[in-house]
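These notes are about the structure you will find just below.
So that the names make sense, note that chain A is the first sequence line, chain B the second, and so on, each numbered from 1. Just so you know, these numbers come straight off a predicted model, no measurement behind them. For the numbers below, each heavy atom of this structure counts, side chains included, while hydrogens, waters and symmetry mates do not.
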Amino acid sequence: MDILYFAWVRERIGLPRERVETGAETVAQLVEELRGREPRYEAAFADLSALRVALDQELADFDAPLSGVREVAFFPPMTGG
Amino acid sequence: MRVVVQQEPFDLGAEANAFAEADTGMGAIVTFTGVVRDLARGDLDVMEIEHYPGMTEKALGKIAAEAKERWSLGDVLVIHRYGRLAPGDRIMMVATAAPHRKDAFEAAEFLMDYLKSRAPFWKKEITRDGADWVAARDEDEAALTRW
């Protein structure tokens, strides 16, 4: 699946998007997998309360299932307007 | 209903006029315009606005459609910019048209409250000394509960 990062999440990880093969069943499992990769991921995902997630461009919860999802996006709380 | 996400500036007067003239059945037009505010120190060089292409249009469309469902409205317009803006630049506007003013005012406030916390935009303030992401405010999240 494609994983997208925005704002300071993108800056901490150093990528706007990447393709990941994963067996994770939920967003939380995917986050755990990413955190274990490298310190920059650990830094980006250290505090989940500061993060939001969208699945196929719809806001979702961290316990949401990933089956059938093609695009996951992680970002800080939005500041539009 | 028109939702526009663009990098270029928009012409507030022309947009408001065209919107107001589109339907003679509407007795009330409310417009709101968001402007890049300088920092208290007066040293903001650039406000950089990032967004999530695809999701942004969907989220704004959904918010506008919900406003049309909840209030008696003629039309809704949302324009939101992204990219590099300077203090004084207009970031975004919403306009609502309704037969009566209460619907137009309330729907515009609803649009703004949702757009602040549910449309995927992120602002970064850049000064000579560095750059900071604008943090979401608890009040903005709390504002949603009144709807």
Side-chain angles (χ1 to χ4, degrees), chain A residues 1-20 22 26-28 30-31 34 39-81, chain B residues 3 5 32-37 47-63 78-82 85 90-94 108-126 130-144:
Chain A
M1 65 179 62
D2 290 315
I3 307 191
L4 282 67
Y5 308 109
F6 292 95
W8 57 254
V9 184
R10 170 179 54 73
E11 289 179 343
R12 281 187 200 174
I13 291 172
L15 289 173
R17 67 189 301 154
E18 62 184 320
R19 207 175 184 105
V20 167
T22 177
T26 63
V27 176
L30 175 64
V31 167
L34 293 169
R40 59 196 169 110
Y41 287 92
E42 176 63 35
F45 290 107
D47 177 10
L48 287 192
S49 71
L51 288 179
R52 300 291 179 266
V53 60
L55 302 180
D56 289 330
Q57 306 189 349
E58 295 274 353
L59 283 173
D61 294 320
F62 281 87
D63 55 9
L66 287 178
S67 81
V69 171
R70 284 170 304 176
E71 186 173 296
V72 180
F74 294 104
F75 42 79
M78 295 156 271
T79 52
Chain B
V3 169
V5 182
F32 171 87
T33 312
V35 178
V36 178
R37 186 181 63 230
M47 175 173 275
E48 207 168 78
I49 302 177
E50 179 172 337
H51 81 116
Y52 182 172
M55 179 172 169
T56 308
E57 291 81 356
K58 271 191 215 170
L60 293 176
K62 211 167 121 184
I63 295 165
V78 180
I79 303 177
H80 204 303
R81 296 179 61 195
Y82 62 91
L85 282 74
R90 291 165 187 150
I91 304 175
M92 51 80 56
M93 70 174 288
V94 301
E109 281 217 72
F110 167 88
L111 287 168
M112 285 313 304
D113 281 348
Y114 268 83
L115 212 143
K116 273 216 159 297
S117 328
R118 292 291 183 273
F121 290 97
W122 300 276
K123 297 187 182 119
K124 192 182 200 180
E125 292 168 339
I126 301 169
D132 281 309
W133 289 99
V134 175
R137 301 183 318 158
D138 291 341
E139 303 96 271
D140 290 337
E141 189 64 32
L144 301 186

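- For chain B, the nearby part of A/Ala54 is the side chain; its heavy atoms alone come within less than 4.5 Å.
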_Derivation and outcome, side chain to side chain contact (heavy atoms under 4.5 Å, CB included), residues B/Glu125 and B/Met47_ = CA-CA 5 Å; B/Glu125 292 168 339; B/Met47 175 173 275; 4.0 Å; yes
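- Only the side chain of B/Lys124 comes within contact range of chain A, with heavy atoms under 4.5 Å apart.
- The pair B/Arg118-B/Glu141 meets the salt-bridge criterion, with a side-chain N (NZ, NE, NH1 or NH2) lying under 4.0 Å from an Asp/Glu carboxylate O.
- When all heavy atoms of A/Asp56 and A/Gly68 are compared, the pair lying nearest together is OD2-O, 4.0 Å.
- Using a 4.5 Å cut-off between heavy atoms, B/Arg137 does not touch chain A at all.
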_side chain to side chain contact (heavy atoms under 4.5 Å, CB included) between A/Thr26 and A/Phe62, intermediate numbers included_ = CA-CA 7 Å; A/Thr26 63; A/Phe62 281 87; over 6 Å; no
_CA sep, side-chain torsions, deciding dist, call: A/Leu55, A/Leu66, side chain to side chain contact (heavy atoms under 4.5 Å, CB included)_ = CA-CA 8 Å; A/Leu55 302 180; A/Leu66 287 178; 3.9 Å; yes
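- Between A/Ala50 and A/Trp8 the shortest heavy-atom distance is O-CZ2, 3.7 Å.
- Looking only at distances, a side-chain donor or acceptor of B/Arg81 sits under 3.5 Å from a matching main-chain atom of B/Arg90.
- Of the listed residues (B/Met112, B/Lys116, B/Met92, B/His51), the one with the most heavy-atom contacts under 4.5 Å to chain A is B/Lys116.
- Interface residue B/Ile91: only side-chain heavy atoms are found under 4.5 Å from chain A.
- For B/Lys123, the parts lying under 4.5 angstrom from a heavy atom of chain A are both the backbone and the side chain.
- Looking at A/Arg52, there are no atoms closer than 4.5 Å to chain B (heavy atoms on both sides), in backbone or side chain.
- Side chain of A/Arg17 to backbone of A/Leu4: no donor-acceptor contact under 3.5 angstrom is found.
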*Starting from the C-alpha separation in whole Å, work towards a yes-or-no answer on side chain to side chain contact (heavy atoms under 4.5 Å, CB included) for A/Leu30 and A/Ile3.*
CA-CA 10 Å; A/Leu30 175 64; A/Ile3 307 191; 3.9 Å; yes
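- Contact residues of residues 71-81 of chain A toward chain B are A/Glu71, A/Ala73, A/Phe75, A/Pro76, A/Pro77, A/Met78, A/Thr79, A/Gly80, A/Gly81 (heavy-atom distance under 4.5 Å).
- The part of B/Ala135 that comes within reach of chain A is its backbone (N, CA, C, O), which places non-hydrogen atoms under 4.5 angstrom from that chain.
- Using cut-offs of 30° and 60° for the angle between ring planes, the A/Phe45 and A/Tyr5 rings count as perpendicular.
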